[in-house]
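Let me begin by presenting the structure, written as structure tokens, before commenting on it.
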Number of protein chains: 2
Amino acid sequence: MVVDDEPSIRDLLSASLRFSGFEVLTAADGQEAVEVAERASPDLVVLDVMLPDLDGLEVAKRIDAPVLFLTARDATEDKIAGLRVGDDYVTKPFSLEEVQARIRAVLRRTRVEGAPATRLKVADLELDEDSREVWRGGRQVRLSPTEFKLLHYFMVNAGRVLSKAQILDHVWNYDFGGDAGVVESYVSYLRRKVDDVEPRLIHTLRSVGYVLREPPPAG
Amino acid sequence: MVVDDEPSIRDLLSASLRFSGFEVLTAADGQEAVEVAERASPDLVVLDVMLPDLDGLEVAKRIDAPVLFLTARDATEDKIAGLRVGDDYVTKPFSLEEVQARIRAVLRRTRVEGAPATRLKVADLELDEDSREVWRGGRQVRLSPTEFKLLHYFMVNAGRVLSKAQILDHVWNYDFGGDAGVVESYVSYLRRKVDDVEPRLIHTLRSVGYVLREPPPAG
DNA sequence: AAACGACCTGAGGGTTAGCTGAACGGTCAC
DNA sequence: GTGACCGTTCAGCTAACCCTCAGGTCGTTT
């Protein structure tokens with residue numbers, strides 16, 4: 001369930017989550033949120049801390065589901081003192097990558113399912129979502145936060161062609177105003193750090209985008 | 001639904017889409033677009049970002065359908081801020097091939113996850129619309145963007161004779177001023193890259209056009 | 001068979017998309 | 001404060017690409 005009073009954020013999140021295969025309900029204020037949650041028993045609630053009627057933390061108390069809070073960046077730590085075990089938070093403005101990663105992490109922790117694989121693997125490139133570690137050919141590689149998010153997005157969508165606009169929309173914060181040049185820079189960084197050996201996995205499709213894929217067996 | 005204030009663009013698009021079997025409604029400004037969309041619930045909206053009354057992004061918010069934006073090339077922002085998941089965009093001047101490809105991609109993504117085949121196949125020539133990969137006789141072939149668009153147009157219209165004028169109209173941007181000689185050049189490139197083995201698939205019909213087809217079984 | 005038009009293709013020039021090193025400013029830990 | 005790290009922008013460069021052109025080939029007509 002997605003709870004936010006701004007329609008644009010609500011739509012952004014619910015569309016993105018539906019696309020990823022989640023079933024999504026929405027609410028625009030705390031009152032509605034509590035009602036819907038009672039009826040539908042969602043597995044997880046994405047909840048804006050700043051709501052017109054009730055405080056988000058207050059809402060969380062009345063909901064029997066793990067919560068992923070959305071908070072303003074300048075919110076000091078004590079603001080989220082109401083975090084229960086299993087909850088988590090993301091600061092606005094977020095990127096879709098960020099939110100989805102946190103959602104999956106929360107669900108993983110609260111679900112009974114015993115240790116589902118958090119390892120992504122493409123050829124000899126491996127990424128652990130939990131520990132945020134990355135290996136290429138057995139050798140561990142250190143990545144900055146943005147590099148990690150970008151690589152994660154690539155690996156989740158391995159084999160699919162991604163345009164720079166798509167990448168910008170998912171990996172960068174939704175209010176990022178710059179141009180797509182920054183994507184080129186980060187692809188360059190990633191290539192140097194994790195794609196400097198054969199077989200090359202990150203491929204450029206001129207004037208189309210990028211794709212991470214294992215080259216076909218018979219070249 | 002097609003929304004653009006320039007009649008020439010509107011007609012170009014709607015005629016081309018109708019010919020391809022789509023049912024098309026049109027609107028000339030944002031106000032009309034919102035009204036028509038409300039009444040008719042289109043499956044997809046092709047929407048010029050620059051409209052006389054409302055901003056295209058504003059219109060998109062009020063429409064409950066995936067959107068394919070038309071933007072000017074010189075819009076330096078490679079990031080369309082309002083781009084929701086499932087939306088896409090094409091820069092002006094576009095080619096009809098481009099627009100139709102994007103439309104199909106958006107519909108494919110938003111329709112039920114019925115994994116429809118995105119593979120075109122003629123004899124031992126195969127083309128994947130998603131990954132933009134092409135194989136001839138199992139061997140992968142690298143094509144430039146224009147080569148790919150041309151081959152795609154051929155394959156979608158396999159067995160149909162295409163005049164150079166038709167090809168120019170569909171594969172090249174609508175403002176292309178050059179002559180049809182360029183088509184000959186690109187057919188030549190394609191022959192070298194994907195039609196250098198028997199059976200030959202691209203055939204010249206002198207003073208008529210070209211056709212991509214499998215030769216009849218018995219000579 | 002000659003003449004003509006249509007087509008093929010190699011070569012070349014102008015253009016553009018993408019790559020990357022460098023620089024700048026911000027943030028955070030110490 | 002100070003330094004390390006990070007995110008972003010920018011500009012020069014390169015390689016890929018698009019288009020044109022011209023000389024040659026091939027088919028058709030006279």
Side-chain angles (χ1 to χ4, degrees), chain A residues 73-74 76-77 91 93-95 97-98 132 141-151 153 161-165 167-168 171-196 200 202-212, chain B residues 72-79 91 93-95 97-98 132 134 141-151 153 161-165 167-168 171-196 200 202-211:
Chain A
R73 161 142 320 173
D74 54 8
T76 44
E77 297 276 334
T91 60
F94 49 78
S95 69
E97 258 296 291
E98 193 107 52
R132 300 180 65 88
V141 182
R142 248 188 91 254
L143 297 183
S144 80
T146 303
E147 287 163 0
F148 181 85
K149 278 198 283 185
L150 177 58
L151 180 61
Y153 185 55
V161 177
L162 305 170
S163 72
K164 281 187 253 191
I167 294 171
L168 224 39
V171 177
W172 269 259
N173 296 338
Y174 60 76
D175 71 339
F176 179 70
D179 76 321
V182 70
V183 177
E184 295 173 16
S185 283
Y186 271 85
V187 168
S188 175
Y189 298 154
L190 275 189
R191 281 190 167 132
R192 196 175 332 168
K193 288 191 177 181
V194 306
D195 208 22
D196 55 346
R200 305 294 157 135
I202 302 176
H203 307 278
T204 302
L205 296 173
R206 197 184 165 82
S207 78
V208 176
Y210 298 94
V211 60
L212 182 131
Chain B
R73 161 141 317 178
D74 55 8
T76 46
E77 296 181 39
D78 265 327
K79 167 150 173 150
T91 59
F94 48 77
S95 69
E97 258 295 291
E98 193 109 52
R132 302 182 63 91
V134 172
V141 181
R142 257 187 81 252
L143 297 183
S144 82
T146 304
E147 288 162 2
F148 181 86
K149 277 199 283 187
L150 176 58
L151 180 61
Y153 185 55
V161 177
L162 305 170
S163 72
K164 280 187 253 191
I167 294 171
L168 222 40
V171 176
W172 269 259
N173 295 340
Y174 60 74
D175 71 341
F176 178 69
D179 74 314
V182 71
V183 176
E184 297 173 13
S185 282
Y186 273 87
V187 168
S188 173
Y189 297 153
L190 276 190
R191 281 187 166 134
R192 194 176 341 170
K193 288 191 176 180
V194 306
D195 207 22
D196 55 346
R200 306 294 158 138
I202 302 176
H203 307 280
T204 303
L205 297 174
R206 199 181 166 76
S207 77
V208 176
Y210 298 95
V211 60

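Because the structure is a prediction, the values reported are computed rather than measured. Letters go in sequence order (proteins before strands), and every chain restarts at 1. Atoms considered below: every heavy atom in the structure, side chains included; atoms not considered: hydrogens, waters and symmetry mates.
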In whole angstroms, how far is the [atom2] atom of [N] from the [atom1] atom of [X]?
{"X": "B/Lys149", "N": "D/dC19", "atom1": "NZ", "atom2": "C1'", "answer": "14 Å"}
{"X": "B/Asp195", "N": "C/dC7", "atom1": "CG", "atom2": "P", "answer": "17 Å"}
{"X": "A/Glu147", "N": "D/dC6", "atom1": "CD", "atom2": "P", "answer": "7 Å"}
{"X": "B/Ile167", "N": "D/dC18", "atom1": "CD1", "atom2": "P", "answer": "16 Å"}
{"X": "A/Arg200", "N": "C/dC19", "atom1": "CZ", "atom2": "C1'", "answer": "14 Å"}
{"X": "A/His203", "N": "C/dG18", "atom1": "NE2", "atom2": "P", "answer": "16 Å"}
{"X": "B/Phe148", "N": "D/dC18", "atom1": "CZ", "atom2": "P", "answer": "13 Å"}
{"X": "B/Asp196", "N": "C/dT9", "atom1": "CG", "atom2": "C1'", "answer": "15 Å"}

State whether [X] places a side-chain N or O below 4.0 Å from either non-bridging phosphate oxygen (OP1 or OP2) of [N].
{"X": "A/Trp172", "N": "D/dG7", "answer": "no"}
{"X": "B/Lys164", "N": "C/dA6", "answer": "no"}
{"X": "B/Tyr210", "N": "C/dA6", "answer": "no"}
{"X": "B/Ser207", "N": "C/dA6", "answer": "no"}

Ignoring hydrogens, what is the shortest heavy-atom contact between [X] and [Y]? Give both atom names and the distance.
{"X": "B/Lys193", "Y": "B/Arg142", "answer": "NZ-O, 3.2 Å"}
{"X": "B/Trp172", "Y": "B/Ser95", "answer": "O-CB, 3.3 Å"}
{"X": "A/Val171", "Y": "A/Thr146", "answer": "CG1-O, 4.5 Å"}

>> Please list, in numerical order, the residues of residues 181-194 of chain B that have a heavy atom closer than 4.0 Å to any atom of DNA chain C.
In response: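 Within this stretch, B/Glu184, B/Ser185, B/Ser188, B/Tyr189, B/Arg191, B/Arg192 sit under 4.0 Å of the strand.
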
>> So if I define the base as every atom that isn't primed, P, OP1 or OP2, how would nucleotides 25-30 of chain C read as a B/S/- string at a heavy-atom cutoff under 4.0 Å?
In response: ------

>> Under the rule for side-chain contact (heavy atoms from CB on, under 4.5 Å), what residues qualify as partners of B/Pro145, not counting sequence neighbours?
In response: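 With sequence neighbours excluded, B/Pro145 shows a side-chain contact (heavy atoms from CB on, under 4.5 Å) to A/Ser207, given in chain and number order.
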
>> Under a 3.5 Å distance rule, please check whether B/Asn173 uses its side chain to pair with a backbone N or O of B/Asp175 as donor and acceptor.
In response: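 No: the side chain of B/Asn173 does not pair with the backbone of B/Asp175.
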
> Are the side chain of A/Lys149 and the backbone N or O of A/Glu98 linked by a donor-acceptor pair below 3.5 Å?
Replying inline: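 Flag not set: sc A/Lys149 to bb A/Glu98 has no pair under 3.5 Å.
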
> Of all the nucleotides listed (D/dC17, D/dT9, C/dA17), which has the minimum atom distance to the side chain of B/Pro145?
Replying inline: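 Nearest nucleotide to the side chain: D/dC17.
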
Look up atom [atom1] in [X] and atom [atom2] in [Y], then write down how far apart they are to the nearest 0.5 Å.
{"X": "A/Leu162", "Y": "A/Leu168", "atom1": "CG", "atom2": "CG", "answer": "12.5 Å"}
{"X": "A/Tyr153", "Y": "A/Glu97", "atom1": "OH", "atom2": "CD", "answer": "7.5 Å"}
{"X": "B/Tyr210", "Y": "B/Ser163", "atom1": "OH", "atom2": "OG", "answer": "11.0 Å"}

> In chain order, what residues pass the salt bridge (charged side-chain N to carboxylate O under 4.0 Å, His left out) check against B/Arg200, with sequence neighbours excluded?
Replying inline: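 Residues passing salt bridge (charged side-chain N to carboxylate O under 4.0 Å, His left out) with B/Arg200: B/Glu198.
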
>> Return whichever of B/Ser144 or A/Leu143 has its heavy-atom-nearest nucleotide of DNA chain D closer to the 5' end.
In response: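 Result of the comparison: A/Leu143.
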
Exercise answer: donor-acceptor pairs, residues 182-192 of chain B side-chain atoms, under 3.5 Å, sequence neighbours excluded:
residue	atom	partner	partner atom	Å
B/Glu184	OE2	B/Lys164	NZ	2.8
B/Arg191	NH2	B/Ile202	O	3.3
B/Arg191	NH2	B/Thr204	OG1	2.7

Report each atom pair, protein N/O against N/O of nucleotides 25-30 of chain D, whose distance is under 3.5 angstrom.
none

> Does the side chain of B/Leu150 reach to within under 4.5 Å of the side chain of B/Leu143, using non-hydrogen atoms?
Replying inline: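 Side-chain contact under 4.5 Å: no.
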
